[in-house]
Structure formats: structure tokens, C-alpha cells
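Structure first, then comments.
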Amino acid sequence: VIILDNVLAFRGEVQLRNLGIIQATACARSFDNGLWVFDASDLLLKKIDKDLKQITEQSANVRLLVQKGTTLAPDFIVDDATHVYVNNPETGILVFDIFAQYIKTIPLKGLHHFQVSGKELIYFKDGRLHTYQLRTATQSTLQLPDTTDVLDARLEKDRLYLLKKNGLTLYAYQAK
């Protein structure tokens with residue numbers, strides 16, 4: 001894992017094999033500057049401390065959390081300082097607490113990335129930007145100002161970013 005700062009300058013690297021992580025499929029920064037890693041070799045979500053020297057938390061075997069015969073191939077992790085969201089496109093988003101204890105699975109399948117913002121999860125799928133309310137499990141679709149050739153969309157603070165075939169378009173956005 002290559003560690004970069006906020007201007008993408010190199011700050012160091014971590015050899016996951018030195019920590020016993022053999023087959024990492026997803027990795028993310030933890031809220032306390034450590035790392036979360038999903039290790040497919042033993043099907044565990046693992047947390048590496050802020051000094052990047054040892055594993056401090058790990059989940060139960062994730063195979064026990066999904067239906068038999070389901071493919072486990074987590075490809076994306078988000079830590080919002082209260083929960084850890086592990087995306088497994090075939091089953092949905094596995095939700096853990098900050099101690100790697102499983103809480104639930106959000107049944108949003110086929111995703112490859114998403115955002116967690118406050119009490120909602122935001123994702124782009126089928127040409128639309130969707131929200132999923134984490135407390136109520138209600139879903140809605142956000143109206144995009146332009147849908148022509150949009151490959152991806154993302155909300156950041158008061159900005160809407162639309163990635164298109166010919167570039168990136170930025171819009172002011174006010175949450176309702």
C-alpha cells in the first residue's frame with residue numbers, strides 16, 4: 001500500500017505480507033489514520049494500527065455472513081468514523097462497527113463504489129445518482145442537471161461532479 005498526503009506526495013508504504021495479509025482485495029484509510037483491509041485468503045476484514053505495524057481488530061470470517069454459494073470479492077471499503085462499509089458487488093454492502101463486528105448487509109448489489117455522507121449512502125448506477133437513507137432504508141433518485149454521456153456522478157459538500165466522456169463538469173448543489 002502506497003501512502004500519500006493530501007497533495008498526493010509520497011509519505012511511505014506498507015508491505016501487507018509483512019503483516020500476514022496475503023490476498024488483499026480492498027483497502028481504505030480508517031478514521032484514526034490506520035488502514036482497513038479485506039484479506040481474501042482468510043475472508044477477514046482487518047484493521048492495521050495508525051503506525052501501520054500490527055493488526056488491531058479483525059472480523060469474524062465473512063463467509064459466515066453471506067449465503068452459501070455466494071461469491072465473496074469485496075472491492076471497496078469506506079470508513080465514516082462510526083461504521084465500516086465493505087462493498088461486495090454480489091451480496092451488497094456489509095456494515096461493521098469500528099471494532100470489525102458485523103452489523104448488517106445493505107442489499108445494494110452491483111455497485112463498485114459509493115459515498116457515505118451523514119445519514120445517507122450515495123451511489124451512481126444505471127445513469128442516475130441515488131441515495132439510500134441509512135436509518136430508514138428508503139431510497140430516492142437525485143435529479144441531475146445533465147444526463148448526456150454521464151459515466152459517473154459524485155456529491156462533495158455543495159458541489160455535484162459529473163464525469164462525462166469528454167471531461168468533468170462541476171455544478172453548485174444545494175441539498176434539499
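Note that the numbering runs from 1 along the sequence shown for the chain.
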Going by heavy atoms in the side chains, are [X] and [Y] under 4.5 Å from each other?
{"X": "T169", "Y": "D146", "answer": "no"}
{"X": "P145", "Y": "L160", "answer": "yes"}
{"X": "I98", "Y": "H83", "answer": "no"}
{"X": "Y173", "Y": "D158", "answer": "no"}
{"X": "I77", "Y": "L45", "answer": "yes"}
{"X": "L162", "Y": "L129", "answer": "no"}
{"X": "I21", "Y": "I55", "answer": "yes"}

Stepwise side-chain contact (heavy atoms from CB on, under 4.5 Å) check, L151 with K165: CA-CA 7 Å; L151 302 172; K165 290 180 181 178; 4.2 Å; yes
Considering all heavy atoms, the nearest [X]-[Y] contact:
{"X": "L108", "Y": "L111", "result": "CB-CD1, 3.8 Å"}
{"X": "K109", "Y": "G92", "result": "CG-N, 4.1 Å"}
{"X": "P74", "Y": "A26", "result": "O-CB, 3.9 Å"}
{"X": "G20", "Y": "D39", "result": "O-OD2, 3.7 Å"}
{"X": "C27", "Y": "L35", "result": "SG-CD2, 4.0 Å"}

Pairs satisfying side-chain hydrogen bond (donor to acceptor under 3.5 Å, both in side chains), at least one member in residues 3-16, at least two apart: D5-R11, E13-Q15
Of all pairs that satisfy side-chain hydrogen bond (donor to acceptor under 3.5 Å, both in side chains), the ones with a partner from residues 48-61, not counting sequence neighbours: none
Could you state whether [X] and [Y] fall into the same hydrophobic cluster, counting links through intermediate Ile, Leu, Val, Met, Phe, Trp or Tyr residues with side-chain heavy atoms under 4.5 angstrom apart?
{"X": "F99", "Y": "I48", "result": "no"}
{"X": "I106", "Y": "F96", "result": "no"}
{"X": "Y132", "Y": "I122", "result": "no"}
{"X": "L121", "Y": "I103", "result": "yes"}
{"X": "I2", "Y": "L16", "result": "no"}

Ring centres under 6.0 angstrom apart (F76, F114): yes
Using 0.5 Å steps for rounding, measure from the [atom1] atom of [X] to the [atom2] atom of [Y].
{"X": "R154", "Y": "R159", "atom1": "CZ", "atom2": "CZ", "result": "15.0 Å"}
{"X": "L168", "Y": "Y161", "atom1": "CG", "atom2": "OH", "result": "7.5 Å"}
{"X": "T91", "Y": "L72", "atom1": "OG1", "atom2": "CG", "result": "6.5 Å"}
{"X": "L52", "Y": "L19", "atom1": "CG", "atom2": "CG", "result": "8.5 Å"}
{"X": "D79", "Y": "R29", "atom1": "CG", "atom2": "CZ", "result": "8.0 Å"}
{"X": "L142", "Y": "F124", "atom1": "CG", "atom2": "CZ", "result": "11.5 Å"}

Verdict with reasoning, Y102 to D97, per side-chain contact (heavy atoms from CB on, under 4.5 Å): CA-CA 7 Å; Y102 174 76; D97 67 16; over 6 Å; no
Within 6.0 Å of OH in Y171, more than 12 heavy atoms from elsewhere: yes
From CA spacing to verdict: side-chain contact (heavy atoms from CB on, under 4.5 Å), V116, L134: CA-CA 9 Å; V116 177; L134 294 167; 4.1 Å; yes
Exam field: side chain H130 to backbone K125, donor-acceptor pair closer than 3.5 Å: yes
Exam field: side chain N88 to backbone A73, donor-acceptor pair closer than 3.5 Å: yes
salt_bridge(D32, K47) N-O dist < 4.0 Å: yes
